[in-house]
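Not measured: the values here are computed from a predicted model. Chain letters run A, B, ... following the sequence lines, proteins first, then strands; residues in each count from 1.
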Number of protein chains: 2
Amino acid sequence: MQDSSPAAETPKPSRIQRRNRKRILDAALEVFSQYGFRGATLDQIATEAGLSKPNILYYFSGKEEIHVTLLNALMDTWLDPLRKIDPEGDPLEELLQYVHRKLEMSREFPRESRLFANEIIHGAPRMGPDLETVLKPLLEQSATMIDGWVAEGRIAPVDPRHLIFSIWATTQHYADFDAQLQVLMEGQDVLEGASAYLDTLYRRLLTP
Amino acid sequence: MQDSSPAAETPKPSRIQRRNRKRILDAALEVFSQYGFRGATLDQIATEAGLSKPNILYYFSGKEEIHVTLLNALMDTWLDPLRKIDPEGDPLEELLQYVHRKLEMSREFPRESRLFANEIIHGAPRMGPDLETVLKPLLEQSATMIDGWVAEGRIAPVDPRHLIFSIWATTQHYADFDAQLQVLMEGQDVLEGASAYLDTLYRRLLTP
DNA sequence: TGGCTTTTTTACCATTTGGTCAAGTTACGA
DNA sequence: TCGTAACTTGACCAAATGGTAAAAAAGCCA
């Protein structure tokens, strides 16, 4: 065994390792998404996870590593809906489905959305590489696909990148600005209305 | 003089008071918008303002008060474009103008936008009251106005609240997620394209 | 059960940070 | 120009916080 630290990779994690790393990441997601990186404390995370602070540092080398781990894990889930767009499908329906999937993610994973938003707002200090190597190629690929659809006259002419940005903005808004929406729309089922509204919005934009 | 603290109100601020309070608020906006409330330190703000830390605490009773002062000052500027919508004007043009004004604010005041976004993402711990007493009534009033336009058939049927949310989301996105956009759109004039895209988006949605 | 490894805890430490205080220093009206 | 009030600063705290070390406890397997 050339590495005694369990924070290292590969040497097949034990049952306890898996359980506790999961607990820690769950707790960290809760705390980081609520208070931001600087605002969150290891003690908070420890309490939330039901572990002691030194115990947490047995599984992760530090606060930073927990945060980065969360961010990396997030990226995949986050871009999944975009990857799922079928270039062979009906353009309008594919794009609308993308909108609805993204909105659904805001409902199901608001903490992840806020974690991500927080990171970007603060200048993406820990995501620069991922943005460049993962997000950008996918955006370019998707833009090309959409441009193709436009060229074929199957959807109305539109700037594909700004289209995608606006979908990100409008859907994630419901997770990231939830506190505001709770005040403004007290009680009402916000996501229900959002779904109908966004459907109309993008249907009208994209219908040739 | 029943209150020696200059952080108190009314007793007409001196020239130096005005200058230094402004310096501090400018510096604090820069620092808070970049690092968030917890992430910002008084020392950073002091350095940025060119003052000593104790000197800053001579003008403001604490970190919190600086932050709240910024947030309050922000609210007015922020809602100005919404207030400027003319109920007597042409509905479509008024709403499109609103979109463009909001986008312009993202260009001119990105720090303010991020400060606000940060506050909301973290649950609006210092803005609850303002949201309720200032934002909500204005939203309701605007929604009523838009509903009126819809009823008169002057714009297409639309949920006025979600319309406004989507305008906030799409325009502020360009300020709040600037770090991401810089990576994805390196070099290009992002706001230029955004303006054209959003014009099309909302024109198509709202044209009866 | 004994012996080894993995996991957990107790007791600390060093730094950072918001904030205080009392002693200066500067501005300004009489 | 002199005295008072306004302003500024250096020297400190106390609490919070990320992190460490070493010993104790719990698992695990022969």
Side-chain angles (χ1 to χ4, degrees), chain A residues 1-25 27-28 30-32 34-70 122 125-126, chain B residues 1-25 27-28 30-32 34-70 122 125-126:
Chain A
M1 194 175 300
Q2 76 276 35
D3 192 338
S4 66
S5 159
E9 45 333 285
T10 39
K12 58 175 176 183
S14 73
R15 186 176 44 86
I16 295 177
Q17 291 248 351
R18 273 196 305 279
R19 172 171 55 86
N20 282 354
R21 280 184 66 101
K22 185 172 184 316
R23 276 187 190 172
I24 292 168
L25 290 174
E30 181 70 28
V31 178
F32 279 138
Q34 205 167 135
Y35 301 97
F37 180 74
R38 276 291 306 269
T41 74
L42 283 177
D43 280 302
Q44 273 178 295
I45 297 173
T47 302
E48 181 83 22
L51 299 171
S52 68
K53 184 169 63 173
N55 202 3
I56 281 188
L57 292 166
Y58 172 75
Y59 292 100
F60 290 91
S61 67
K63 192 181 175 183
E64 179 106 11
E65 200 200 308
I66 303 178
H67 196 248
V68 169
T69 302
L70 279 176
H122 292 7
R126 292 163 242 274
Chain B
M1 193 175 300
Q2 75 276 35
D3 192 341
S4 64
S5 160
E9 43 336 283
T10 40
K12 58 172 175 182
S14 72
R15 186 176 44 87
I16 295 177
Q17 291 248 349
R18 272 197 306 279
R19 172 172 54 86
N20 282 353
R21 279 183 68 100
K22 185 173 184 316
R23 278 187 189 171
I24 292 168
L25 290 174
E30 181 70 28
V31 177
F32 278 138
Q34 205 167 133
Y35 302 98
F37 181 75
R38 276 291 307 268
T41 74
L42 283 178
D43 280 301
Q44 274 178 294
I45 297 174
T47 302
E48 181 84 21
L51 300 171
S52 68
K53 185 168 64 173
N55 202 5
I56 281 187
L57 292 167
Y58 173 74
Y59 290 100
F60 291 90
S61 66
K63 191 181 176 183
E64 179 106 11
E65 200 201 307
I66 303 178
H67 197 248
V68 169
T69 302
L70 278 176
H122 292 12
R126 292 163 243 276

K.L.:
Is there a donor-acceptor pair under 3.5 Å between the side chain of B:Glu65 and the backbone N or O of B:Ser61?
P.N.:
yes

K.L.:
Residues two or more places apart in sequence or in another chain: which of them pass side chain to side chain donor-acceptor pair (under 3.5 Å) with B:Arg19?
P.N.:
none

K.L.:
Does C:dT9 have OP1 or OP2 sitting under 4.0 Å from an N or O in the side chain of A:Asn55?
P.N.:
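Yes, A:Asn55 has a side-chain N/O under 4.0 Å of OP1/OP2 on C:dT9.
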
K.L.:
Separation of A:Arg18 atom CZ from C:dT7 atom P, in whole Å?
P.N.:
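Atom CZ in A:Arg18 sits about 11 Å away from atom P in C:dT7.
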
K.L.:
Nearest 0.5 Å please: distance from the CG atom of B:Asp43 over to the NZ atom of B:Lys53.
P.N.:
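Here the interatomic distance stands at 4.0 Å.
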
K.L.:
Starting at atom CD1 of A:Ile56, determine the distance to atom P of D:dT20, rounded to an integer number of angstrom.
P.N.:
14 Å

K.L.:
Quick check on C:dT8: is either OP1 or OP2 less than 4.0 Å from any side-chain nitrogen or oxygen of A:Tyr58?
P.N.:
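Checking C:dT8 against A:Tyr58, no side-chain N or O comes under 4.0 Å of OP1 or OP2.
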
K.L.:
Just how far, in rounded Å, is C1' of C:dT17 from CZ of B:Phe32?
P.N.:
13 Å

K.L.:
Using atom CZ of A:Phe60 as one end and atom P of C:dT8 as the other, report the distance to the nearest whole Å.
P.N.:
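Answer to the nearest Å: 13 Å.
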
K.L.:
Below the 4.0 Å mark, does C:dT8 have OP1 or OP2 next to a side-chain nitrogen or oxygen of A:Tyr59?
P.N.:
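For C:dT8, OP1/OP2 do have a side-chain N/O of A:Tyr59 under 4.0 Å.
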
K.L.:
So does A:Ser52 get a side-chain nitrogen or oxygen closer than 4.0 Å to the phosphate oxygens (OP1/OP2) of C:dT9?
P.N.:
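Yes, such a contact exists.
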
K.L.:
What residues form a salt bridge (charged side-chain N to carboxylate O under 4.0 Å, His left out) with B:Glu48, not counting sequence neighbours?
P.N.:
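For B:Glu48 there are no salt bridge (charged side-chain N to carboxylate O under 4.0 Å, His left out) partners, ignoring immediate neighbours.
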
K.L.:
What distance separates A:Asn20 CG from A:Arg23 CZ, expressed to the nearest 0.5 Å?
P.N.:
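Going from the CG atom of A:Asn20 to the CZ atom of A:Arg23 covers 5.5 Å.
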
K.L.:
So how far is it from A:His122 NE2 to B:Tyr35 OH, rounded to the nearest 0.5 Å?
P.N.:
10.5 Å

K.L.:
How about CZ on A:Phe37, more than 12 heavy atoms from neighbouring residues, nucleotides or ligands closer than 6.0 Å, or not?
P.N.:
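Above 12, so yes.
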
K.L.:
Each nucleotide N or O in nucleotides 18-21 of chain C that has a protein N or O under 3.5 Å away: list the pair and distance.
P.N.:
unit_1, atom_1, unit_2, atom_2, d
C:dG18, OP1, B:Ala40, O, 3.2
C:dG18, OP1, B:Lys63, NZ, 3.0
C:dG18, OP2, B:Leu42, N, 2.8
C:dG18, N7, B:Lys53, NZ, 3.0
C:dG19, OP2, B:Lys63, N, 2.8
C:dG19, O6, B:Lys53, NZ, 3.3

K.L.:
Report yes if a side-chain nitrogen or oxygen of A:Gln17 is closer than 4.0 Å to either non-bridging phosphate oxygen (OP1 or OP2) of C:dT7; otherwise report no.
P.N.:
yes

K.L.:
If I take atom CG in residue B:Leu51 and atom C1' in nucleotide C:dT26, what distance separates them, rounded to the nearest angstrom?
P.N.:
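It is 15 Å, rounded to the nearest whole Å.
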
K.L.:
Measure the distance from CD on A:Gln44 to P on D:dT17 and round it to the nearest whole Å.
P.N.:
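Whole-Å distance recorded here is 8 Å.
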
K.L.:
Rounded to the nearest Å, what distance is computed from the CD1 atom of residue B:Ile45 to the C1' atom of nucleotide C:dT17?
P.N.:
12 Å

K.L.:
For D:dA6, take OP1 and OP2 only and decide whether either is under 4.0 Å from a side-chain N or O of B:Asn20.
P.N.:
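No.
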
